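Below: the structure, in structure tokens.
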Amino acid sequence: QVQLVESGGGLVQAGGSLRLSCAASGRTFDRSTIAWFRRAPGKEREFVAAINWSGGSTNYADSVKGRFTISRDNAKNTVYLQMNSLKPEDTAVYYCAAALFMGVTASAPSYSYWGQGTQVTVSS
């Protein structure tokens with residue numbers, strides 16, 4: 001079992017930065033792939049980024065490559081999403097998700113555990 005709690009969302013102007021955190025509890029965190037997904041109003045949930053258990057492998061959606069960076073600190077049971085050069089189209093609820101013994105898949109059904117989400121709003 002893995003429990004996930006997101007934090008760090010908020011309101012920021014276009015071009016600004018935010019860092020999201022995903023704090024996990026459970027003994028299997030250090031064997032879990034962790035991903036960030038987002039859902040914008042009126043749109044389908046979409047993959048943002050994923051990182052494997054060691055941090056040695058990452059995967060990003062094309063829309064965020066070069067702007068967002070995913071990282072993890074297994075000693076703190078936390079995964080981070082550093083978001084730079086934010087755009088209004090990045091406005092969404094951001095969710096972290098965990099999958100045991102998986103690669104850095106972008107497929108949402110592969111993730112068994114989900115947090116409640118944190119709102120990110122980017123004003124133009």
Side-chain angles (χ1 to χ4, degrees):
Q1 284 277 350
V2 178
Q3 293 80 43
L4 304 169
V5 178
E6 303 94 336
S7 63
L11 173 64
V12 64
Q13 288 189 330
S17 299
L18 282 175
R19 188 176 80 158
L20 305 184
S21 297
C22 174
S25 60
R27 294 186 296 173
T28 55
F29 174 78
D30 60 357
R31 285 170 279 168
S32 300
T33 290
I34 304 294
W36 288 94
F37 290 80
R38 66 187 182 187
R39 187 192 298 272
K43 295 188 176 181
E44 297 290 319
R45 179 176 54 190
E46 65 172 344
F47 170 76
V48 176
I51 188 167
N52 76 331
W53 68 273
S54 68
S57 181
T58 57
N59 184 18
Y60 293 92
D62 288 343
S63 59
V64 306
K65 279 181 182 176
R67 300 189 298 123
F68 291 11
T69 302
I70 190 170
S71 61
R72 68 189 295 161
D73 185 340
N74 285 347
K76 295 182 178 180
N77 276 18
T78 302
V79 170
Y80 305 98
L81 185 69
Q82 178 67 44
M83 305 187 296
N84 299 328
S85 302
L86 283 161
K87 305 174 181 179
E89 51 264 43
D90 294 317
T91 294
V93 178
Y94 283 71
Y95 300 89
C96 64
L100 295 178
F101 308 115
M102 292 288 293
V104 286
T105 178
S107 173
S110 298
Y111 294 86
S112 302
Y113 307 100
W114 292 80
Q116 295 300 305
T118 186
Q119 176 71 47
V120 171
T121 302
V122 184
S123 63
S124 57

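The figures here come from the full heavy-atom set of this structure, side chains too, leaving out hydrogens, waters and symmetry mates. Bear in mind that the values here come from a model prediction, so they are computed numbers and not experimental data.
- Cation-pi contact between R45 and W114: present, with separation from the ring centre below 6.0 Å and deviation from the ring axis of at most 45°.
- Between atom CZ of residue R19 and atom OG1 of residue T69 there is a gap of 11.5 Å, rounded to the nearest 0.5 Å.
- Residue F101 holds its CZ atom at 7.5 Å from OG of S32, rounded to the nearest 0.5 Å.
- Using a 4.5 Å heavy-atom threshold, the side chains of E6 and L20 count as separate.
- For the pair T78 and S21, the tightest heavy-atom approach, listed with the atom from each and the gap, is CG2-CB, 4.2 Å.
- The heavy-atom pair separating V2 from A24 by the smallest distance is CG1-CB, 4.1 Å.
- Taking all atoms of both residues into account, the shortest heavy-atom contact from D90 to R38 is OD1-NH1, 2.9 Å.
- Side chain of N52 to backbone of G55: a donor-acceptor contact under 3.5 angstrom is found.
- Y113 and F37 fall into different hydrophobic clusters, where Ile, Leu, Val, Met, Phe, Trp and Tyr side chains are chained together by heavy-atom contacts under 4.5 Å.
- To the nearest 0.5 angstrom, T91 atom OG1 is 7.5 Å from Q119 atom CD.
- Residues Y111 and T33 are in side-chain contact: their nearest non-hydrogen atoms beyond the backbone lie under 4.5 Å apart.
- In this structure, M102 is not a member of the same hydrophobic cluster as I51, with clusters built from ILVMFWY side-chain heavy atoms closer than 4.5 Å.
- In this structure, A49 and L81 approach most closely via the heavy-atom pair CB-CD1, 4.2 Å.
- The nearest pair of heavy atoms linking G115 to Y95 is O-CD2, 3.6 Å.
- In this structure, S85 and S17 approach most closely via the heavy-atom pair N-OG, 4.4 Å.
- Between F68 and Y94, the ring-plane angle classifies as tilted under the 30° and 60° cut-offs.
- Of the possible donor and acceptor atoms, none in the side chain of N59 sits under 3.5 Å from a partner among the backbone N and O of T105.
- In this structure, I34 and F29 have side chains that are in contact, with non-hydrogen atoms separated by less than 4.5 Å.
- To the nearest 0.5 Å, atoms OG (S124) and NZ (K87) are separated by 14.0 Å.
- In the hydrophobic clustering of this structure, V120 does not group with L4; members are Ile, Leu, Val, Met, Phe, Trp, Tyr whose side-chain heavy atoms approach within less than 4.5 Å, directly or through other members.
- Linking ILVMFWY residues whenever their side-chain heavy atoms come closer than 4.5 Å, directly or via other members, places W36 and L18 in the same cluster.
- Linking ILVMFWY residues whenever their side-chain heavy atoms come closer than 4.5 Å, directly or via other members, places I70 and L86 in the same cluster.
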